[in-house]
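Shown next, in structure tokens, is the structure this report addresses.
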Amino acid sequence: MKRGFEALKARWTPPDLGALFVVSGPSGTGKTTLLQEAFRSIPGLEFSVSATTRAARAGERDGVDYHYVDHEAFRKMLATGALLEHAEVYGNFYGSPRAPVERAVAEGRSMVLDIDVQGARQVRVAYPEAVSVFILPPSLAAIEQRLRARGLDDDAIIARRIREADEQLAAAGEYDYLIMNDDLASAHTQFQSVFVAELLRRNRRESWVLASRR
Ligand code: ADP
Ligand code: 5GP
């Protein structure tokens, strides 16, 4: 018998109305790791692919992890209003393309934005109903260990990300939900529970009530 999120996935029905999720946390906290499992476990969640001026890391794919663009192209997107939000993070520019998010919201699909705290503030203004989730590391030392173990950034980049982690952590109080990513299995369950609970809100499940009374 399937249990937990495997059972949920087998019989999941999409909500009547989609939700917009914002996920933030310092670099190395585990956002990508947790999101990958959430996408595997909960059907119908879509990832907002950001544009960035940072170089692709080993294993990253253009159009899947990010749209990799140069400064000129990024400036053009900004000038034409093509970005819903944007920020300079750890010395690179990042922004969320507006059109896919607007289309998802209009069509009742659920979208997840993995963005920093400055971007999250801009999304809250544009979409006050967005649900925001902050991933906490057990300590700053743990972030450093994880970034080193990940082995994808050089020492200078890692040092910068750790220096700026505290600035991101100071904004945790602005978020609707906090996830503690100490033990990974526990964090997966915490994280997926937030998505599931939000997608079970009454206003997103009117059709269940109607069906149950037929
Ligand atoms: P982010 O997307 O927030 O920058 P990642 O998901 O890339 O972070 O995680 C950074 C590194 O830490 C990866 O190598 C990942 O496998 C590892 N990691 C994630 N969560 C945990 C955890 N709970 N315990 C130990 N290592 C973890
Ligand atoms: P990384 O370079 O490690 O993929 O991401 C660095 C930081 O940039 C992370 O905190 C991530 O959430 C943030 N980020 C990624 N895409 C966007 C975006 O489109 N907008 C904003 N504001 N931040 C982003």
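Atoms within a ligand are numbered from 1 in the order they appear, just like the ligands themselves. Keep in mind that what you see is a predicted model, and the values were worked out from it rather than measured.
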So which of V49, D114, V23, V117 gets nearest to atom 12 (O) of ligand 2, if we judge by its closest heavy atom?
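Minimum heavy-atom distance to atom 12 (O) of ligand 2 goes to D114.
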Counting heavy atoms only, which of I115, D65, D116, D153 is nearest atom 22 (N) of ligand 2?
D116
Would you say [X] has any N or O atom under 3.5 Å from an N or O of ligand 1, going by distance alone?
X	answer
N181	yes
G30	yes
R150	yes

Charged N to carboxylate O below 4.0 Å: is that the case for R3 and E6?
no
Flag the pair E46 and R103 as a salt bridge only when some basic side-chain nitrogen lies within less than 4.0 angstrom of an acidic carboxylate oxygen.
no
Heavy-atom nearest neighbour in the protein, as seen from [atom], with distance rounded to 0.1 Å:
atom	value
atom 9 (C) of ligand 2	K31 CE, 4.1 Å
atom 16 (N) of ligand 2	S50 OG, 3.2 Å
atom 4 (O) of ligand 1	G28 N, 2.8 Å
atom 16 (O) of ligand 1	T33 OG1, 4.0 Å
atom 17 (C) of ligand 2	Y94 CB, 3.4 Å
atom 24 (N) of ligand 1	R146 NH2, 3.4 Å
atom 2 (O) of ligand 1	T32 OG1, 2.6 Å
atom 5 (O) of ligand 2	Y66 OH, 3.4 Å

Where on [X] is there a heavy atom closer than 4.0 Å to ligand 2, on the side chain, on the backbone, on both, or on neither?
X	result
Q118	neither
E85	side chain
R121	neither
R161	side chain
Q122	neither

What about [X]: any of its N or O atoms under 3.5 Å from an N or O on ligand 2?
X	result
V89	no
R150	no
H86	no

Can you confirm whether the side chains of [X] and [Y] place a donor and an acceptor under 3.5 Å from each other?
X	Y	value
N92	T52	no
R146	T29	no
S27	Y90	no
T33	E37	no

Check whether [X] reaches the backbone of [Y] with its side chain - one donor and one acceptor, N or O, closer than 3.5 Å.
X	Y	value
D116	V89	no
K31	F134	no
Q190	M180	yes
D176	S132	yes
S110	L45	no

Under 4.0 Å from a heavy atom of Y90: give me the atoms of ligand 2 that qualify, with their elements.
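Counting from 1, the qualifying ligand atoms are 6 (C), 7 (C).
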With atoms numbered from 1 as shown, which atoms in ligand 2 lie under 4.0 angstrom from a non-hydrogen atom of R54?
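Those atoms are 1 (P), 2 (O), 4 (O).
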Are H86 and F93 an aromatic pair by the rule of ring centers under 6.0 Å?
no
Counting only heavy atoms closer than 4.0 Å, does ligand 1 sit against the backbone of D182, its side chain, both, or neither?
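The backbone, only.
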Going by the order shown, which atoms of ligand 1 are within less than 4.0 Å of some heavy atom of [X]?
X	answer
K31	1 (P), 2 (O), 3 (O), 4 (O), 6 (O), 8 (O)
L184	20 (N), 23 (N)
P26	3 (O)

What closest approach, in Å, do [X] and [Y] show between heavy atoms, and which atom pair accounts for it?
X	Y	value
L136	A172	CD2-CB, 4.3 Å
A51	M77	CB-CE, 3.8 Å
Y94	Y66	CE2-OH, 3.6 Å

Can you name the one residue among R148, R161, R160 that meets salt bridge (Lys or Arg N to Asp or Glu O under 4.0 Å) with D155?
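Checked R148, R161, R160 against D155; only one passes salt bridge (Lys or Arg N to Asp or Glu O under 4.0 Å): R148.
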So, 4.0 Å and heavy atoms of S27: is ligand 1 close enough to count as a contact?
yes
